[in-house]
2 protein chains.
Amino acid sequence: MGHKGDALRQRIVASADQLFYQQGYENTSFSDIAEDVGISRGNFYYHFKTKDEILNAVIDTRVTDIEQMLKEWSKQYTDPRERIELYIDILTSHQDNITSHGCPIGSLCTELAKLSHVMLHDANKMFSAQRDWLTMQLRELGLGKEARQVAMHLLARTQGIATIANAFEDKTFLRQEVKHLKQWLGSL
Amino acid sequence: MGHKGDALRQRIVASADQLFYQQGYENTSFSDIAEDVGISRGNFYYHFKTKDEILNAVIDTRVTDIEQMLKEWSKQYTDPRERIELYIDILTSHQDNITSHGCPIGSLCTELAKLSHVMLHDANKMFSAQRDWLTMQLRELGLGKEARQVAMHLLARTQGIATIANAFEDKTFLRQEVKHLKQWLGSL
DNA sequence: GTCTATATACGGATAGAC
DNA sequence: GTCTATCCGTATATAGAC
């Protein structure tokens with residue numbers, strides 16, 4: 001380890017993350033990433049020995065970033081309802097990317113499941129980090145044992161919206177469903 | 001055309017369909033399909049010239065099958081609520097496949113979107129056939145202009161359930177959400 | 001129609017010069 | 001550390017024998 005401070009490594013991970021999201025994991029080659037970063041294929045292998053290794057770095061970075069963001073929200077906002085609304089609003093603020101490429105987390109998990117890739121179990125940590133945070137917010141909102149189940153429900157709702165908005169390339173549908181989702185939140 | 005009666009061709013399409021579902025489109029090679037059908041690669045190319053051609057056949061067959069099934073349901077059942085319940089029950093009856101490989105339609109659309117594949121527009125007909133049928137059922141149920149929007153909502157709900165059940169390989173969650181979905185249907 | 005080569009391209013991964 | 005050159009496997013697709 002001790003790689004965290006390596007700027008080039010971070011640039012590679014950022015490029016890989018974007019390309020995996022836009023083109024898919026399998027469909028993205030080392031050449032694609034190397035070209036995007038501006039280094040040669042050979043140099044690339046100095047930083048990452050295998051494709052799985054970079055996938056692992058991409059997932060790890062995303063999990064960390066998600067946890068960081070949610071922790072920040074918990075610090076900056078006191079109302080759990082407001083926090084969840086912020087969470088739902090990600091759909092709207094990323095509507096262009098979502099209609100073009102789907103949800104970066106959902107689509108990666110879907111692909112890894114097809115590849116029977118062992119790293120699916122690491123990838124779904126990107127989901128469970130959200131699930132656990134949402135569960136906490138729902139508990140603060142007064143929900144009891146059912147909080148976790150409701151959190152999973154919300155997770156699924158956002159995934160469904162992303163999948164359909166992507167399949168139909170339909171931003172209007174996405175915004176409609178976000179409105180619907182906020183009404184649902186208000187009814188809790 | 002005139003290919004419809006060709007038994008071997010149908011077997012190839014059925015194999016391709018299954019393999020695309022289980023392994024993904026890109027990750028499935030001609031060798032995989034040929035081996036599964038029990039023919040040589042060379043023979044394969046006699047029936048389908050390109051990979052896109054077989055993808056097209058797979059999608060066409062699925063669209064036809066979906067329309068056929070829904071038309072059958074409309075014939076055999078009179079209560080629109082019962083029909084929609086039947087639709088929701090697909091999730092339960094396919095729970096093993098869904099937790100292992102996701103929704104065959106949603107995951108294919110997700111993959112084609114990543115590949116910027118032109119056939120995404122054909123693939124989402126698998127969805128719109130369902131949307132249109134659901135819209136009709138909801139109209140019979142007494143809904144007005146909002147019927148189509150509610151149909152899209154239901155579509156998204158099922159997709160979200162499939163994506164999350166797949167990512168977590170969680171059948172229990174799937175069944176929970178199906179129950180939830182039926183409560184929602186009852187409240188319409 | 002079905003088969004066995006085979007052409008060609010590209011993928012991941014390595015070796016070794018600088 | 002970064003590069004070029006290369007190995008090797010596999011993929012799509014074609015040619016041509018039977």
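Here is how names work: the chains are called A, B, and so on, in the same order as the sequence lines, proteins then strands, and each is numbered from 1.
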| message | Between B:Asn97 and B:Ser100, do the side chains contain a donor N or O and an acceptor N or O under 3.5 Å apart? | response |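 The answer is no; no qualifying pair exists.
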
Just the rounded figure in Å: distance from [atom2] of [N] to [atom1] of [X].
X       : N      : atom1 : atom2 : value
B:His47 : D:dA13 : NE2   : C1'   : 16 Å
B:Leu55 : D:dT12 : CG    : P     : 13 Å
B:Leu8  : C:dC3  : CG    : C1'   : 14 Å
B:Phe48 : D:dT12 : CZ    : P     : 15 Å
A:Asn27 : D:dA11 : CG    : P     : 15 Å
B:Glu53 : D:dT12 : CD    : P     : 14 Å

| Listed by chain and number, what are the salt bridge (Lys or Arg N to Asp or Glu O under 4.0 Å) partners of A:Arg131, not counting sequence neighbours? |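 Partners of A:Arg131 under the salt bridge (Lys or Arg N to Asp or Glu O under 4.0 Å) test: none.
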
| query | Applying the side chain to side chain contact (heavy atoms under 4.5 Å, CB included) test to A:Asn56, which of A:Asp60, A:Ile59, A:Val58, A:Asp52 qualifies? | reply |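 One option only clears the test, and that one is A:Asp60.
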
Please list each protein N or O that sits under 3.5 Å from an N or O in nucleotides 9-12 of chain C, with the distance.
{"unit_1": "C:dG12", "atom_1": "OP1", "unit_2": "A:Lys51", "atom_2": "NZ", "d": "3.2"}
{"unit_1": "C:dG12", "atom_1": "OP2", "unit_2": "A:Phe30", "atom_2": "N", "d": "2.9"}

| Closest heavy-atom contact between A:Leu120 and B:Asn166? |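 Scanning both residues, the minimum pair turns out to be CD2-O, 4.3 Å.
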
Distances for protein N/O vs nucleotides 16-18 of chain D N/O pairs under 3.5 angstrom?
none

| request: Could you list the residues that satisfy side-chain hydrogen bond (donor to acceptor under 3.5 Å, both in side chains) with A:Arg148, not counting sequence neighbours? | output: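 A:Arg148: no side-chain hydrogen bond (donor to acceptor under 3.5 Å, both in side chains) contacts found.
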
| task | Using side-chain hydrogen bond (donor to acceptor under 3.5 Å, both in side chains) as the criterion, list what pairs up with B:Thr28, not counting sequence neighbours. | result |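 With sequence neighbours excluded, B:Thr28 shows a side-chain hydrogen bond (donor to acceptor under 3.5 Å, both in side chains) to B:Gln23, given in chain and number order.
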
| message | So, taking the atom named CD in A:Gln137 and the one named CG in A:Leu188, what distance separates them when rounded to the nearest 0.5 Å? | response |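 If we round to the nearest 0.5 Å, A:Gln137:CD and A:Leu188:CG are 13.0 Å apart.
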
| Pairwise distance CZ(B:Phe20) to CG(B:Asp32) - rounded to 0.5 angstrom |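 CG of B:Asp32 is found 9.5 Å from CZ of B:Phe20.
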
| said: D:dG1, OP1 or OP2 - any side-chain N/O from A:Asn43 closer than 4.0 Å? | reply: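 For A:Asn43, the contact criterion (side-chain N or O under 4.0 Å from OP1 or OP2 of D:dG1) is not met.
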
| request: For the helix from C:dG1-D:dC18 to C:dC18-D:dG1, figure out the bend between the end axes, five pairs an end, and round to 10 degrees. | output: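 Comparing the first five pairs with the last five, the axes sit 10° apart.
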
| Among the clusters formed by ILVMFWY side chains lying less than 4.5 Å apart, do A:Leu91 and A:Leu86 turn up in the same one? |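 Yes, A:Leu91 and A:Leu86 fall within the same hydrophobic cluster.
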
